[in-house]
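Below you'll find the structure, written out as structure tokens, and then a few comments.
Both ligands and their constituent atoms are indexed starting at 1 by order of listing. Scope of the values below: all heavy atoms of this structure, side chains included, with no hydrogens, waters or symmetry mates. Remember, it's a predicted structure, so these values are computed and weren't measured experimentally.
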Amino acid sequence: MWREENNRLKKTFEFADFQEAFAFMVRVAFLAEQQNHHPNWSNVYNSVEIELTSHDAGNTVTERDRKLAKSIDKILQ
Ligand SMILES: C[C@H](O)[C@H](O)[C@H]1CNC2=NC(N)=NC(=O)C2=N1
């Protein structure tokens, strides 16, 4: 589940290994480009932490963040 903290939607994803994690990141990157909305994210080995906030709305959570979050979850369905 995505949690909302400090004006950010946050979720951590765990994968079997680094390659799986990185393949996921590539797919998220293309979604971000399609939606012109980009994550704050970090990757450590098989874990990807994603935070979503809208910079041009003063770093608050907007519908664009919720839309990208839904799209990211769909990658794993
Ligand atoms: C110029 C470019 O369209 C803007 O900077 C876009 C790019 N991606 C973005 N991503 C996020 N998370 N917030 C934004 O406000 C935003 N704006």
- Would you find more than 12 non-hydrogen atoms of other residues, nucleotides or ligands less than 6.0 Å from Glu5 atom CD? yes
- Please indicate whether Arg66 has more than 12 foreign heavy atoms, meaning atoms of other residues, nucleotides or ligands, lying under 6.0 Å from its CZ. yes
Mind listing the N or O contacts between ligand 1 and protein, cut-off under 3.5 Å?
{"unit_1": "ligand 1", "atom_1": "3 (O)", "unit_2": "Asn36", "atom_2": "OD1", "d": "3.3"}
{"unit_1": "ligand 1", "atom_1": "3 (O)", "unit_2": "Asn36", "atom_2": "ND2", "d": "2.8"}
{"unit_1": "ligand 1", "atom_1": "8 (N)", "unit_2": "Asn36", "atom_2": "O", "d": "3.4"}
{"unit_1": "ligand 1", "atom_1": "8 (N)", "unit_2": "His38", "atom_2": "ND1", "d": "2.8"}
{"unit_1": "ligand 1", "atom_1": "10 (N)", "unit_2": "His38", "atom_2": "N", "d": "2.9"}
{"unit_1": "ligand 1", "atom_1": "12 (N)", "unit_2": "His38", "atom_2": "O", "d": "2.9"}
{"unit_1": "ligand 1", "atom_1": "12 (N)", "unit_2": "Thr53", "atom_2": "O", "d": "2.8"}
{"unit_1": "ligand 1", "atom_1": "13 (N)", "unit_2": "His55", "atom_2": "N", "d": "3.1"}
{"unit_1": "ligand 1", "atom_1": "15 (O)", "unit_2": "His55", "atom_2": "N", "d": "3.2"}
{"unit_1": "ligand 1", "atom_1": "15 (O)", "unit_2": "Asp56", "atom_2": "N", "d": "2.9"}
{"unit_1": "ligand 1", "atom_1": "15 (O)", "unit_2": "Asp56", "atom_2": "OD1", "d": "3.1"}
{"unit_1": "ligand 1", "atom_1": "15 (O)", "unit_2": "Asp56", "atom_2": "OD2", "d": "3.3"}

- Can you name the side chain to side chain contact (heavy atoms under 4.5 Å, CB included) partners of Phe30, sequence neighbours left out? Val26
- Write down the atom of Thr53, the atom of His37, and the distance for their closest heavy-atom approach.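 Looking at all heavy atoms of both residues, the closest pair is O-NE2, 3.8 Å.
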- Query: Is there a side-chain contact between Leu9 and Val61 (heavy atoms, below 4.5 Å)?
  - Reply: yes
- Query: If we only count heavy atoms from C-beta on, is the Asn46 to Glu20 side-chain gap below 4.5 Å?
  - Reply: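 SC-SC contact between Asn46 and Glu20 ruled out.
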